[in-house]
Amino acid sequence: MVVFALAVLVTLSSYAAGCSPGTNSTELQLRRMEHQPVTAQLAAVFQEMESLRCEQTTLQQQQNALTQIHQMSPRWTTEREVAGTHVLTYGSHDHDDDEEEEEEEDEEKSLRRRGDPCFHYTVLDQAWRATNTTSKFKMCDRNVKWKGWYRMYYKGQSLQMPERCVPVNKCGTHSPLWLAGTHPRRRDGIVTRNVCGHWKKRCCAFRSTPIKVKKCRGNYYVYQFTQPSSCYLAYCADVNTLVCGRCRRNQSCVSRDKINWRCKRKKRLSSKKIHFFASFPGNLMGKVNRIKYSKVLVNVGRAYNRRTGVFKAPVKGIYQFFFSTVAGRRGQKTDLWLVVNNYWVAVSHSHISRPSTVSSLSTYMTFLRRGAIVYVTQNCGQSWANAASTTITFGGSLLVQMR
Ligand SMILES: *[C@@H]1O[C@H](CO)[C@@H](O)[C@H](O)[C@H]1NC(C)=O
Ligand SMILES: *[C@@H]1O[C@H](CO)[C@@H](O)[C@H](O)[C@H]1NC(C)=O
């Protein structure tokens, strides 16, 4: 009879606030209470009901959080099969030239390579194009039927177009063609650049047809040359950039004056330093929407606000958070949730059946965009702390900054 009533009550139980004591086995307790007054039995039912409601809410929130994570920013997440396992990757691996990239699966690689000019180019190895040659015969690239992409070489060694005005009568022609602009970075993809022909003291006397350029992995460039606007114009190969072909993967080729080039170790993204650690110096009873950890012990980067209890990601990157509490009251569930951009993502759950206390520490690591909001909420229960205990805490660090 009572059990039946409980079933009805549970289905109706989506009201009231604050979760209260519950037991592991309702039926056992109710049987034990058979000879007790109906009021006591009813009280037990209500207690169990509230406890179940708390559990239900928690489960619901867990499910919501999972659903939301799956729906979150499809642009950032790509799923791929690797040896039968589903791998979920956050962000593009190509976010930074400076990073060594993982080797892709062969199949994926070949898919990517198809149509990529970095793997489909014609070798253009003509020594007369060098910036330091002065030949009697003048060449004109207008007479060439350009098709597709080209990679420049000088006697078998990779090099690139000059980014500076080249003296006239060099590069085996009258008016040497140079790139009016910088070479792209790899993450720029294919770019269009103007090409200039130097003539009669005017570095851009001939504004030739623009070309396309792409930077490839391994410090080389491919060019989609086109017929220049007139004769005698020819595309130059800068012998000063021969050194660039010898740069290692973790180096890039740099030049201040565009004349002298050298390999330089790639600059790591100077990571911003973000670290915070704060505690709440008292007890927390029942539902607390946002815990305002007011005692701040560390706040490097000032991303945590003690007045609001909110951490706001100042840069895009991978962050790690932790939060702790001490729950203590018999038969009570205590749930603290980490909330990221309004999604409940991680719970610290404790349920004590005997007079005791339980310490709980939960951690969470995630990718955050700039401006993302993180805080902790107490959904139900009771957390214990005093001014000196540092038991209800919240902290975090930026692990890796991303562009
Ligand atoms: C041009 O430069 C290359 C590479 O430094 C060198 O081997 C070659 O001798 C130079 N040619 C002339 C004509 O200076
Ligand atoms: C750069 O890469 C080379 C191998 O290509 C390695 O020997 C060297 O230690 C690397 N340098 C740095 C600073 O990572």
Side-chain angles (χ1 to χ4, degrees), residues 97 117-119 121-144 146 148-186 193-206 208-209 211-266:
D97 276 2
C118 286
F119 304 101
Y121 55 78
T122 306
V123 170
L124 194 65
D125 191 344
Q126 295 168 317
W128 58 262
R129 291 188 183 275
T131 41
N132 64 348
T133 55
T134 323
S135 69
K136 275 178 244 145
F137 310 100
K138 305 297 177 201
M139 310 296 276
C140 182
D141 276 346
R142 200 171 163 74
N143 302 327
V144 179
W146 299 102
W149 292 78
Y150 296 84
R151 179 173 171 186
M152 289 186 136
Y153 283 86
Y154 176 81
K155 295 179 180 170
Q157 290 179 74
S158 184
L159 80 178
Q160 58 199 59
M161 276 186 81
E163 287 181 16
R164 66 189 160 102
C165 187
V166 178
V168 293
N169 293 320
K170 296 286 178 186
C171 306
T173 192
H174 281 144
S175 173
L177 288 175
W178 57 282
L179 200 64
T182 54
H183 281 80
R185 295 163 300 186
R186 214 153 59 74
R193 288 283 184 267
N194 288 321
V195 173
C196 279
H198 181 195
W199 193 241
K200 286 185 177 168
K201 290 184 181 160
R202 282 172 57 212
C203 279
C204 206
F206 296 99
S208 192
T209 333
I211 60 166
K212 290 201 165 103
V213 190
K214 187 183 183 198
K215 182 172 188 180
C216 303
R217 192 178 298 181
N219 277 309
Y220 69 90
Y221 296 89
V222 286
Y223 305 89
Q224 194 179 43
F225 291 130
T226 53
Q227 277 195 337
S229 51
S230 56
C231 282
Y232 285 81
L233 279 74
Y235 292 109
C236 277
D238 193 346
V239 287
N240 288 347
T241 64
L242 280 169
V243 62
C244 299
R246 295 191 286 269
C247 295
R248 288 171 190 263
R249 264 199 170 195
N250 52 14
Q251 295 177 318
S252 51
C253 204
V254 295
S255 172
R256 241 177 234 167
D257 53 11
K258 307 294 182 194
I259 297 169
N260 301 296
W261 291 79
R262 68 190 171 93
C263 298
K264 191 183 159 206
R265 194 186 154 190
K266 280 172 184 172

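Just so you know, ligand 1 is whichever comes first in the structure, and atom 1 is the first atom listed for that ligand.
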Q) Would you say His198 and Val168 make side-chain contact, with heavy atoms under 4.5 Å? A) yes
*asked:* Can you classify the ring geometry of His183 versus Tyr223 as parallel (below 30°), tilted (30 to 60°) or perpendicular (above 60°)?
replied: perpendicular
Closest to atom 11 (N) of ligand 1 (heavy atoms only, candidates Asn132, Leu159, Thr131) is Asn132
Can you find a protein heavy atom under 4.0 Å from atom 2 (O) of ligand 1? yes
shortest atom 4 (C) of ligand 1-to-protein heavy-atom contact is with Leu242 CD1, 3.8 Å
Tell me yes or no: between the side chains of Thr133 and Lys170, is some donor less than 3.5 Å from an acceptor? no
For atom 7 (O) of ligand 1, the closest protein heavy atom turns out to be Tyr154 OH, 4.1 Å
Aromatic plane relationship, His174 with Tyr232 - under 30° parallel, 30 to 60° tilted, over 60° perpendicular | perpendicular
